[in-house]
Amino acid sequence: MTNLLSVISLSLPLDNPVLIFAIILFIILLAPVLLHYLKIPDLVGLIIAGAVIGPNGLNLLERDSSIVLFGTVGLLYLMFVAGLEMNMADFKKNSKKELAFGLLTFSIPMTLGILSGVYLLNLAVPTAVLLASMYASHTLLTYPIVSKYGLTKNRAVTVTIAGTVITDTLALLVLAVIVGMETGELTNLFWIRLIVSTLLFGTVVLFGFPYLARWFFKKVEDRISKYIFVLGLVFLASFLAELAGLEAIISAFLAGIALNRLIPATSALLNRIEFVGNALFIPFFLIGVGMLIDYRAFISDWSTIQVATVMTVIAVTSKFSAAWLTGKIFRYTKKRVS
């Protein structure tokens, strides 16, 4: 009995993988149920749970490689499922709105972010640009809620998803430029390499993946094999994106677009993809995000609250302005045409 207890480590943070996995599963199960009575959304509940058990909270769990891995899968899942469920007819029909919203939801936060960083937070210009890129980019964190209520085909959702890809791509390009400037690699060769690799990557994913998937689905009938194949394509696309100097979240969305017509909305394969993602991978991602939060910083240094307030106000104001302005522009254009 003593030997058994010596094998099982109960020191904090816990390092027993079985116990860690069990705790996370019970958090995924119970946190939304408990916070439902407080009218707190499931997604927010999982983030709060991650902050409580993480290294900056009770220190029950470390944000180790396994949690980071599952969290990365969850983030890619969000973007992949969004592309997979996209109504391609509406996607093409609203292309002008999507482009306008994508550019506005990038440019307005970038502008306000740089100005607020320099004049309100007294940051250097390169630092302010990096901070502003955080305002410009955003993720589809609430997509599971939208999907739960059957709103994925709504025009506003379609425009938002496409705008997310555009603004994230531009924000990541800003990040690459800043890094290139700091390391002295921002040369003509840098731009040539980025453009060529991006074109090659897009060709392989948007044209090669559908051809490969069509062949595989004809040859293989096993349902599990089909799911593993699709999941493998998502991560292959992510790896190819990194080789091309792009970010994995963009590749996951493009993989969803590429396989959109081959996996119908009523298919059992899509149901399995959504089920596994919503039950396991996406909650892992949210818990991992919560583990990054150090809520003690809010009470240890009042300047943290000042920075957080500025960031929150600028982010909400700029994103709302982009959405409002997009609606105004196309409503005015529609009246002019009619």
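Because the structure is a prediction, the values reported are computed rather than measured. Atoms considered below: every heavy atom in the structure, side chains included; atoms not considered: hydrogens, waters and symmetry mates.
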Of the non-hydrogen atoms in Ala162 and Phe91, which two are nearest, and what is the gap between them?
CB-CE1, 3.8 Å
Is there a chain of hydrophobic side chains (I, L, V, M, F, W, Y, each step under 4.5 Å between heavy atoms) that links Phe26 to Ile282?
no
Examine distances only and state if a side-chain atom of Asp222 and a backbone atom of Ser225 form a donor-acceptor pair shorter than 3.5 Å.
yes
Under 6.0 Å between the ring centres of Phe253 and Phe80?
no
So CG of Leu99 and CG of Asn94: to nearest 0.5 Å the spacing works out to 12.5 Å
Between Leu46 and Ile27, what is the shortest heavy-atom contact and its length?
CD2-O, 4.0 Å
Can you find a pair of side-chain heavy atoms, one from Ile228 and one from Ile224, that are under 4.5 Å apart?
yes
Would you find a donor on one side and an acceptor on the other, under 3.5 Å apart, between the side chain of Lys226 and the backbone of Leu269?
no
So CD1 of Ile161 and CE of Met86: to nearest 0.5 Å the spacing works out to 4.5 Å
Are Val81 and Thr152 close enough that some pair of their side-chain heavy atoms sits under 4.5 Å apart?
no
Which class fits the ring pair Phe217 and Phe229: parallel under 30°, tilted 30 to 60°, perpendicular over 60°?
perpendicular
Is it the case that the side chain of Thr167 and the backbone of Gly163 share a donor-acceptor pair, with hydrogens and angles ignored and the cut-off at 3.5 Å?
no
Say you draw a straight line from CG of Leu121 to CD of Gln306; how long is it, rounded to the nearest 0.5 Å?
6.5 Å
Rounded distance (nearest 0.5 Å) linking atom CZ of Phe106 with atom OG1 of Thr111:
8.5 Å
Answer whether the closest heavy-atom distance between the side chains of Phe70 and Pro283 falls below 4.5 Å.
no
Within a strict 4.5 Å, meaning less than it, do heavy atoms of the Val205 and Leu236 side chains meet?
no
Taking all non-hydrogen atoms of both residues into account, name the closest pair between Val157 and Leu151 and its distance.
CG2-O, 3.2 Å
Treating Asn260 as the side-chain partner and Leu84 as the backbone partner, does any N or O pair qualify as donor plus acceptor under 3.5 Å?
yes
Check: Ser238 side chain, Val234 main-chain N or O, donor-acceptor pair, under 3.5 Å:
yes
Looking at Asp168 and His138, would you say the former's side chain and the latter's main chain have a donor-acceptor pair under 3.5 Å?
yes
Answer whether the closest heavy-atom distance between the side chains of Val118 and Asn122 falls below 4.5 Å.
no
Minimal heavy-atom distance between Ala136 and Met110, with the atoms involved, is CB-CG, 3.8 Å
Ser267 (side chain) donor-acceptor with Ile263 (main chain) under 3.5 angstrom:
no
Scanning both residues in full, the closest heavy-atom pair of Phe285 with Gly74 reads CB-CA, 4.0 Å
Going through the distances and angles, do Asn154 and Asp90 end up as a side-chain contact (heavy atoms from CB on, under 4.5 Å)?
CA-CA 9 Å; Asn154 186 280; Asp90 288 343; over 6 Å; no
Could you give me the CA-CA distance, side-chain angles and deciding distance for Met311 and Met134, then say whether side-chain contact (heavy atoms from CB on, under 4.5 Å) is met?
CA-CA 9 Å; Met311 291 181 65; Met134 293 175 58; 3.9 Å; yes
To the nearest 0.5 Å, what is the distance between CG on Leu140 and CD1 on Ile249?
8.5 Å
Leu141 and Val289, any side-chain heavy atoms less than 4.5 Å apart
no
Hey, does the side chain of Ser197 reach the backbone of Leu194 with a donor-acceptor pair shorter than 3.5 angstrom?
yes
Pairwise side-chain contact, Phe281 with Leu78, heavy-atom cut-off 4.5 Å (strictly under)
no
Any chain of hydrophobic side-chain contacts (each under 4.5 Å) joining Val18 to Ile23?
no
Specify the closest pair of heavy atoms between Pro144 and Asn278, including all atoms of both residues, with the distance to one decimal.
CB-OD1, 4.1 Å
Would you find more than 12 non-hydrogen atoms of other residues, nucleotides or ligands less than 6.0 Å from Arg193 atom CZ?
yes
Under 3.5 Å: donor-acceptor pair, side chain of Tyr143, backbone of Met79:
no
Does the side chain of Lys97 come within less than 4.5 Å of Phe101's, by heavy atoms?
no
CG of Leu262 to CG of Leu212: how many Å apart, nearest 0.5 Å?
10.5 Å
For the pair Tyr135 and Leu112, evaluate side-chain contact (heavy atoms from CB on, under 4.5 Å) and give the outcome as yes or no after the intermediate values.
CA-CA 9 Å; Tyr135 302 143; Leu112 294 181; over 6 Å; no
So does Ile314 get a backbone contact from the side chain of Thr317, meaning a donor-acceptor N/O pair under 3.5 Å?
no
Please lay out, stage by stage, how Leu123 and Ile114 fare under the test side-chain contact (heavy atoms from CB on, under 4.5 Å).
CA-CA 9 Å; Leu123 301 176; Ile114 293 173; over 6 Å; no
